[in-house]
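Just so we're on the same page: letters track the sequence lines, and every chain starts at 1.
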Amino acid sequence: MVKAIKRVYMGLVFLFLYAPIIVLIVFSFNKSKSRGQWGGFTFDWYIDLFKDRQIREALYFTILIAVISTVISTIVGTIAALGINNMSRLGRTIVLNINNLPVLNPDIVTGVALMTLFISLRIELGFITMLISHIVFSIPYVILAVLPKIRQMNKHTAEAALDLGATPAYAMRKVIIPEIMPGIISGALIAFTLSIDDFVISFFTAGTSVTNLSILIYSMAKRGVKPTINALSTLMFVVVLVLMLIINKKNDKGEDIII
Amino acid sequence: MQRRGRIAYPYTVWMVIFIVVPLFLILFYSFTEGDIHNIKDLRFSLNGYKKVLEPIYLKVIGDSFLLAGISTLICLIIGYPVAMIIANTDAKYRNLLLTLFIVPIWMNFLLRTYAWMSLLSPNGFLNRVLMWLGLPKLEIMPGKGAVLLGMVYNFLPFMILPIYTVLSKIDKSVIEAAHDLGGNNVVTFMRIILPLSVPGIVSGITMVFLPAVSTFVISGLLGGGKAPLIGDLIEQQFLSSRNWHFGSALSIILMIMILISMAIMSRIDKSEPEEERRKI
């Protein structure tokens, strides 16, 4: 009896979580423009989607910004984490507290604060300001991912490498970096997903000349429901699903090797 | 080794420029008035804050905290049993169940909200189904009900996951001991499981409440202007009305209220919520 109640309960929660997504996907193949009525199967909305220049451009900027900001924030974040680890206690506390601000502050505050900065400095909002903003909110997460790995690392390994005649750069490349690699990778993954998914901070810092997918979806949705958005949602959902499954599979394997 | 701390200096400078200075700018604009593009014209003023105290805006702020609070409570009520059920499932199926709860949050936040837009609209799918069943139409969109639903839908997994993490770490022998000592299920839950899961509840509440109270996407899309929240106000001040002073004052108020709620939460539990936040 208890088991049956549990099953029904879980079933209802899953229904709540998945029904909107499934309806969205089903209606992306709907011939009728109305959302409630089924008018037959069609791929038209997908064809429209690929013809749409605005969507292609937004997709391009989304990916471009995600890639550049991930690369930069992973490198800068890792170097900063290595430095922070060697700072005095007081310095470390101050830097980490400031570093946590973008993580804890609501996105909207980070967004308007950055926008205010750019406009006050008379920098025109556009690609560069959006990119900088993505780097600003990504680095803290990279640091938070890398720092614990540095702390876990045996201090003496790096010292031993130096004693054995390795130059600091060589010790860094051959000893320290491989040791903290799992942290760097998870930091990079967090940075990438945050950037791809970001709406709020981009919305305030992108200006009118560039848009990413999130901004485009928002402005399209504000004007009303459109079947092309359904098609776009379906594609994005499938792509993300496949990507995440691959990443998780890889992670599982990686862990197996370590264990 | 101490000298190696120097390689963090460039980032420290970056941090000051892009994290500290912008927040000080917000603080500065909140205490001034005048033309924002002309520094000489700016003078000290509390008008930004005075405007926050006007009844219409106080109501918006109150609504934001009320709606975010209610949605957090609903997430907790729905989510806690779910977390418990997952934690008690066979190890074989547990990961599958967890993945099923994580998959929806992989979908873009805007698209998840948009999905409800098309479900709830007056001629949308849900109303067609209700009509077909002979039930009355559901007219909650645009409005507060739809905003609440959107909040619960978007943030429910963020309540379930931290609670699950804590529950799954509870030593099973503690629970067995409670049973052996004569505690029935209710007593064991109230006196053992619930207190031990407080850290999970606290980080769950933080992870739902913070994004809910500051959102303008959910209220913008599902509320249709009928249920403006503090986030909508801030967005308007910076993007359409261009009243940065009022917008900044609102941002500062939002930050202070969030700080206060987080201080209350951390008094309930000393554990660090970031660890959980980052995992997702």
Side-chain angles (χ1 to χ4, degrees), chain A residues 6 9-10 13-14 16-18 20-21 23-24 27 34-37 76 79-80 82-84 86-88 91 95 98-103 105-109 112-117 120 132 136 139 141 144-145 190 197 199-200 204 214 217-218 221-222 225 229 233 236-237 240-241 244, chain B residues 1-2 4-9 11-12 14-15 18-23 25-26 29 78 81-82 85 100-101 103-104 106-112 114-119 121 123-125 127-128 153 156 210-211 214 216-217 220-221 231 234-235 238 244 247 251 254-255 258 274 277-278:
Chain A
K6 275 184 186 171
Y9 184 71
M10 290 297 265
V13 176
F14 277 128
F16 174 61
L17 282 178
Y18 281 93
I21 300 177
V23 172
L24 199 75
F27 277 87
S34 138
R35 281 144 277 146
Q37 232 142 20
V76 176
I79 295 172
L82 285 165
I84 290 168
N86 288 316
M87 277 181 149
S88 66
V95 171
I98 298 175
N99 185 57
N100 273 344
L101 281 174
V103 179
N105 248 342
D107 278 354
I108 189 169
V109 175
V112 296
L114 281 166
M115 176 186 152
T116 312
L117 174 79
S120 302
I132 292 175
V136 170
I139 294 178
Y141 289 92
L144 287 175
I190 298 170
D197 239 20
F199 165 69
V200 177
F204 287 103
S214 298
I217 294 166
Y218 184 71
K222 271 227 134 166
V225 183
I229 314 183
S233 317
M236 281 174 75
F237 185 57
V240 173
L241 199 66
M244 293 308 248
Chain B
M1 286 300 263
Q2 204 71 293
R4 288 253 310 279
R6 279 185 196 163
I7 57 172
Y9 289 177
Y11 178 62
T12 315
W14 165 277
M15 227 168 56
F18 291 109
I19 299 176
V20 180
V21 172
L23 289 176
L25 276 175
I26 292 287
Y29 282 117
I78 301 178
V82 172
I85 294 173
L100 283 173
F101 276 101
V103 166
W106 288 344
M107 193 170 183
N108 186 297
F109 174 76
L110 285 153
L111 292 178
R112 275 182 282 154
Y114 167 78
W116 276 102
M117 249 179 107
S118 59
L119 271 182
S121 63
N123 287 313
F125 183 73
N127 277 327
R128 299 264 172 178
Y153 181 74
L156 180 63
L210 288 193
S214 60
F216 69 95
V217 176
L221 294 181
I234 296 176
E235 184 235 12
F238 280 93
W244 282 17
S251 308
L254 178 66
M255 277 170 69
I258 285 177
E274 290 138 54
R277 273 176 76 114
R278 276 194 298 116

Asker: Name the region of A:Y9, side chain, backbone, both or neither, that has any atom closer than 4.5 Å to a heavy atom of chain B.
Answerer: side chain
Asker: For A:S120 and B:L25, which heavy atoms make the closest approach, and how far apart are they?
Answerer: OG-CD1, 4.0 Å
Asker: Name the member of B:L254, B:L110, B:I258 that forms the most heavy-atom pairs with chain A at distances under 4.5 Å.
Answerer: B:L110
Asker: Please examine the side chains of B:Y114 and A:I229, heavy atoms only from C-beta on, and report whether any two atoms are closer than 4.5 Å.
Answerer: yes
Asker: Please look at A:I217 and chain B and tell me whether the side chain, the backbone, both or neither of the residue comes under 4.5 angstrom of a heavy atom of that chain.
Answerer: side chain
Asker: Please flag which part of B:F216 lies under 4.5 Å from any non-hydrogen atom of chain A: side chain, backbone, both or neither.
Answerer: both
Asker: For chain A, which candidate among B:F101, B:Y9, B:Y29 shows the most heavy-atom pairs at distances under 4.5 Å?
Answerer: B:F101
Asker: Check whether the ring centres of A:Y218 and A:F199 lie less than 6.0 Å apart, and answer yes or no.
Answerer: yes
Asker: Heavy-atom distance under 4.5 Å between the side chains of A:L24 and B:M107, does that happen here?
Answerer: yes
Asker: Parallel, tilted or perpendicular, judged at 30° and 60°: which one describes the rings of B:Y153 and B:W116?
Answerer: perpendicular
Asker: Please identify, among A:D107, A:L101, A:I139, the residue contributing the most non-hydrogen atom pairs under 4.5 Å to chain B.
Answerer: A:I139
Asker: Looking at every heavy atom in both A:V112 and B:I26, which two are closest together, and how far apart are they?
Answerer: CG2-CD1, 4.0 Å
Asker: If you define the side chain from C-beta out and look only at heavy atoms, does anything of A:N99 sit under 4.5 Å from A:I84?
Answerer: no
Asker: Is it the side chain or the backbone of B:I78 that comes within 4.5 Å of chain A heavy atoms, both, or neither?
Answerer: both
Asker: Checking heavy atoms, do the side chain of A:V95, its backbone, both or neither come under 4.5 Å from chain B?
Answerer: both
Asker: Can you name the closest pair of heavy atoms from B:A8 and A:A80 and give their distance?
Answerer: CB-O, 3.7 Å
Asker: Less than 4.5 Å to any heavy atom of chain B: does that hold for the side chain of A:L17, its backbone, both, or neither?
Answerer: both
Asker: Measuring heavy-atom distances to chain B, does A:V13 have an atom under 4.5 Å in its side chain, in its backbone, in both, or in neither?
Answerer: side chain
Asker: Under 4.5 Å, counting heavy-atom pairs only, tell me which of B:P81, B:S251, B:G231 racks up the most with chain A.
Answerer: B:P81
Asker: Please report the closest heavy-atom contact between B:L221 and B:M117, naming both atoms and the distance.
Answerer: O-CG, 3.8 Å
Asker: Against chain B, work out which of A:M10, A:K222, A:M115 has the most heavy-atom pairs shorter than 4.5 Å and name it.
Answerer: A:M10
Asker: By a 4.5 Å heavy-atom criterion (distance strictly below it), what part of B:L100 contacts chain A: side chain, backbone, both, or neither?
Answerer: both
